[in-house]
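Structure record follows, encoded as structure tokens.
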Amino acid sequence: MNWTDERVELLKKLWSEGLSASQIAAELGGVTRNAVIGKVHRLGLSGRAKAAPAPAPRPRKPRPVTAVAAPARPMVAGNTVLAPVIRPVIEAEPEELPDPVANVIPMADRCTILDLTEFTCRWPVGEPGKGDFYYCGSRTKTGLPYCAYHARIAYQPVQDRRRDRRVAR
DNA sequence: CCCTGATTCGC
DNA sequence: GCGAATCAGG
């Protein structure tokens, strides 16, 4: 590709409009950004007036939404009042979430609210007051109120939980 | 590591 | 004159 009058005019126009050298190169086609910059200098139109405030502030990747603290309802187990469940703010990648099908809680682990300790997973299953309501009861992840499986679900952004449910159905 | 423009220098 | 390579910087 050679610098025809036409291409030079387009270069001048785009450069004055504040496009970056690489953008102009892509627009023209057949040249690299180095070629554009070189030409710009040879034409003596370096140092643009004002356009392009900052060198193309690129859009930032949207962060995964972080989980919000759950309502702090004290849990009672026998004489022991368990600390309210506070959900730490943790970022989780949706891809890392466990397979919902794998959520089979062994009968041996299931327990009522009375059986909960700081070492049993407090993930509720079913509706309170209904017949089949129980807690996961698996060994908790150290320092967390849930087992490894439910911790990952608990700290997943709400939007993603909703999406997963839709997909699973 | 993505990008920016500036400069150099062999062609 | 051209532009790849390189540099300095955001």
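Protein chains get the first letters and strands the later ones, always in sequence-line order, with residue 1 at the start of each.
Of the possible polar contacts, one joining the A/Trp15 side chain to the A/Leu45 backbone as a donor-acceptor pair under 3.5 Å is found. Checked by atom type and distance alone, the side chain of A/Glu9 never pairs as donor or acceptor with a backbone atom of A/Glu6 at under 3.5 Å.
In this structure, NZ on A/Lys39 lies 11.5 Å from CG on A/Leu28, to the nearest 0.5 angstrom. Taking CG of A/Leu11 as the reference point, atom CD1 of A/Ile24 lies at 5.5 Å (rounded to 0.5 Å).
One atom, CD1 of A/Ile37, and another, P of C/dA4, lie 11 Å apart when rounded to the nearest Å. Between the CZ atom of A/Arg7 and the C1' atom of C/dC2 there is a distance of 13 Å, given to the nearest Å. Distance CG (A/Leu11) to C1' (B/dG5): 14 Å, rounded to an integer number of Å. The nearest whole Å value for the distance from the CG atom in A/Asn34 to the P atom in B/dC11 is 18 Å. Taking atom NE2 of residue A/His41 and atom C1' of nucleotide B/dG5, one finds them 6 Å apart after rounding to whole Å. In this entry the distance linking CG of A/Leu43 with P of C/dG3 reads 12 Å, nearest Å. Rounded to a whole Å, the CH2 atom of A/Trp15 is 6 Å from the C1' atom of B/dG5. Rounded to whole angstrom, the span from the CD atom of A/Gln23 across to the C1' atom of B/dG5 amounts to 13 Å.
Side-chain atoms of A/Arg42 come within donor-acceptor range of the base of C/dG3, with a qualifying N/O pair under 3.5 Å.
Of the candidates C/dT6, C/dC2, B/dG5, C/dC2 carries the atom nearest the A/Lys39 side chain, counting heavy atoms from C-beta on. Distances from the side chain of A/Trp3 to the nucleotides B/dT7, C/dT6, C/dG3 place C/dG3 closest. The side chain of A/Ser20 sits closest to B/dT4 out of B/dT4, B/dT7, C/dG3.
Phosphate contact (OP1/OP2 of C/dG3, side-chain N/O of A/Thr32, threshold under 4.0 Å): absent.
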